[in-house]
Structure formats: C-alpha cells, structure tokens
Amino acid sequence: MFDISIHLLLAPNFLKRPAKEFSVLLVLLFIVPGTTSAQHDSLTLKPTWNSGILILKDHSTLKGFIHHDEKFRLIKFRAQVDDIESSFAEGRILSMEYYDNNTSKNRKFLTWEVKDEGSTIQGPALYEVVMVMKRFAVLSRKFGVIPNTQKGGMNVNNSKIEYDKIEKIFLADEDTPAELVWLGPSLKNETRMAVSPVKPFFTGDVLKKYTALHWREVKSFVSKNRLDLKRKTDLVKTLTYYHQLESADD
C-alpha cells in the first residue's frame with residue numbers, strides 16, 4: 001500500500017495551486033473500511049455505499065459514503081447513509097478515496113490531464129491511482145465498449161448485452177500531462193485477450209522515458225523473465241520492479 005499524501009507534489013500544474021496549499025487540499029484522511037446499501041436508486045436497485053472522502057475543486061471536503069458507478073461515470077455522496085444523496089460530475093472533483101468492499105481495499109482517484117490522441121475526453125478527468133513512484137504516478141481509467149456477439153455484427157435482439165471493459169494506463173510526472181503507456185482488456189483472466197474488443201497496445205518509449213534512471217535494469221528484467229508488456233500483469237510486475245530499484249536508492 002502506498003501513502004498518497006506523501007506524493008501530493010505529483011499533481012500537474014493545470015491546478016495552478018502552490019504546493020503547500022495543494023497538499024492541504026489533497027490530504028486524504030484514513031478511511032475505516034465500511035459499506036452499506038440503499039434500498040433504491042434510479043439505475044441500481046441496491047447500490048453499494050462505501051465510506052470515503054471527496055475533495056472538490058472549490059476546496060470543500062466531504063466525508064461520508066460514496067456510490068461510484070464506474071460504468072455510467074456517476075458519483076453520489078451521502079454524509080450519513082440515510083441522508084439525501086448529492087450527485088457530482090467528475091469535473092467537480094479534485095480527488096476521491098473510498099474503501100471498495102468488492103475488492104477489500106482502498107481506492108484512490110485524482111483529477112489529471114493526459115495525452116491520448118485516441119480519447120474523446122477533453123481536459124482533466126478522474127483517474128485511478130494504481131501506483132506512486134518517487135518521480136511519477138501510474139494512473140488508470142476504464143472504458144466501456146459494445147462487443148460484437150455475431151460474426152456479422154452486434155446482435156441487437158440480445159436483451160442481455162453487456163459492455164466489455166477496456167483499460168488505459170498512463171504515466172504522469174509533476175509538470176506535464178500524463179502519457180499513455182498501455183491499452184488493453186480490463187479482464188481478470190488475461191487469457192481472454194484474444195476475444196477482446198481491442199488490440200493490446202504498449203509504448204516502450206514512454207516506459208523508457210519515465211524509468212530512465214534504471215532503464216537498463218528494467219530492460220534486463222523484462223528480457224530475463226520473458227515478460228510481455230502488452231499484458232497488464234507483466235507491465236505491473238515491471239513497474240513494481242522499478243519501484244524496488246528506486247527504493248533501494250535511498
């Protein structure tokens with residue numbers, strides 16, 4: 001587990017806030033694991049409400065319960081579980097943290113600006129913090145696509161059409177927009193990549209740029225272990241190895 005409060009200076013300069021003030025805005029308090037369910041919601045019969053914190057761009061901090069619908073990009077908040085809910089667009093959020101009961105871990109999100117020519121997102125958006133290094137952060141965002149269920153195209157008569165997930169991973173330093181390093185299927189079982197609606201993508205130049213201090217060791221690690229960096233698990237192994245090298249420099 002990494003402590004995001006130690007790495008607040010990684011925030012990009014589009015926020016235009018002094019480092020000291022920005023640190024105050026982004027400090028995410030310790031969250032006691034907890035979750036509960038409401039009886040009804042406009043999109044889900046029993047949405048999960050997880051204990052967490054929202055920090056908005058107007059500098060206000062909200063601590064209570066968060067319902068994060070990643071499929072529809074909806075974020076709802078209640079100070080108490082039985083209170084009236086408030087809805088927030090991503091554009092109003094600076095950072096977010098909550099305990100995800102489904103994965104039994106804290107999840108942290110930051111608003112960041114990225115370089116991604118193939119994206120329809122314009123300007124800063126909310127990305128999940130996967131890992132934090134000394135000099136850069138690893139960010140992730142999931143997207144939904146409609147899969148083809150027949151050779152000739154989508155089966156419009158199928159009432160159970162699901163949205164397959166794809167994921168993009170970015171590397172971000174302090175002063176510039178994050179850069180896309182990986183795109184692939186967001187699947188627990190990566191052996192299903194062959195049936196993914198997207199072709200896995202990896203940019204070695206971006207990884208080399210951000211791991212320059214230990215690039216030779218990283219390159220050797222990938223070769224020695226026969227890693228395929230188009231696979232998320234192998235990319236995460238490589239970034240974890242780099243983090244170990246970085247930590248050994250202390």
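Below, each value reflects all heavy atoms present in this structure, side chains not excepted, and no hydrogens, waters or symmetry copies.
- Taking all atoms of both residues into account, the shortest heavy-atom contact from Val218 to Tyr242 is CG2-CD1, 4.0 Å.
- Here the closest non-hydrogen pair linking Asp249 and His214 is OD2-NE2, 2.8 Å.
- Here the CD-CD distance, from Gln244 to Glu217, works out to 12.5 Å after rounding to the nearest 0.5 Å.
- The backbone N or O of Leu207 sits less than 3.5 Å from a side-chain atom of Thr211, completing a donor-acceptor pair.
- Proximity of Leu239 to Val130: side-chain heavy atoms (C-beta onward) are nowhere separated by under 4.5 Å.
- Annotation: salt bridge (charged side-chain N to carboxylate O under 4.0 Å, His left out) contacts of Arg141 (sequence neighbours excluded): Glu90.
- Salt-bridge annotation for Lys76 and Glu85: present, with a side-chain N of the basic residue lying under 4.0 Å from a carboxylate O of the acidic one.
- When all heavy atoms of Phe88 and Leu62 are compared, the pair lying nearest together is CZ-CD1, 3.5 Å.
- For the atom pair OG of Ser60 and CG of Leu94, the computed distance is 10.0 Å after rounding to the nearest 0.5 Å.
- Rounding to the nearest 0.5 Å gives a distance of 9.0 Å between CG of Leu171 and CG of Leu180.
- Using a 4.5 Å cut-off on side-chain heavy atoms (C-beta onward), Ser87 and Phe77 make no contact.
- Environment of CG in Asp205: sparse, with no more than 12 heavy atoms of neighbouring residues, nucleotides or ligands closer than 6.0 Å.
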Start with the C-alpha gap between Glu179 and Tyr210, add the side-chain angles, then the distance that decides, and say whether side-chain contact (heavy atoms from CB on, under 4.5 Å) holds. CA-CA 10 Å; Glu179 297 182 65; Tyr210 282 83; 3.1 Å; yes

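- Closest approach of Asp173 to Arg135, counting heavy atoms only: CB-O, 3.7 Å.
- Residues Val138 and Val129 have side chains not in contact (no heavy-atom distance under 4.5 Å, counting atoms from C-beta outward).
- With a 4.5 Å cut-off on side-chain heavy atoms, Asp228 and Phe202 do not count as touching.
- A distance of 6.5 Å separates CG of Leu227 from NZ of Lys237, quoted to the nearest 0.5 Å.
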Run the numbers on Met133 and His243 for side-chain contact (heavy atoms from CB on, under 4.5 Å), then give the verdict. CA-CA 6 Å; Met133 313 296 188; His243 186 45; 3.5 Å; yes

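- A donor-acceptor distance shorter than 3.5 angstrom exists from the side chain of Trp182 to the backbone of Lys230, with no hydrogens or angles considered.
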Would you be so kind as to tabulate the donor-acceptor pairs closer than 3.5 Å made by side chains of residues 219-226, with sequence neighbours excluded?
from   : atom 1 : to     : atom 2 : distance (Å)
Asn225 : ND2    : Phe221 : O      : 2.8

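- Closest of all the heavy-atom pairs between Lys115 and Pro177 is CG-CB, 4.0 Å.
- To the nearest 0.5 Å, atoms CZ (Arg107) and NE2 (His68) are separated by 7.0 Å.
- Side-chain N or O atoms of Thr111 include one that pairs as donor or acceptor with a backbone N or O of Ile93 at under 3.5 Å.
- The two atoms that bring Ala79 and Phe65 nearest to each other are O-CD1, 4.0 Å, heavy atoms only.
- Side chain of Glu246 to backbone of Lys134: a donor-acceptor contact under 3.5 angstrom is found.
- The CG atom of Asp100 lies 8.5 Å from the OG1 atom of Thr48; values are rounded to the nearest 0.5 Å.
- Ring orientation note: the planes of Tyr98 and Phe109 are close to parallel, at an angle under 30° on the 30°/60° scale.
- For the pair Asn50/Ile66, no side-chain contact is recorded, criterion being any heavy-atom separation below 4.5 Å from C-beta on.
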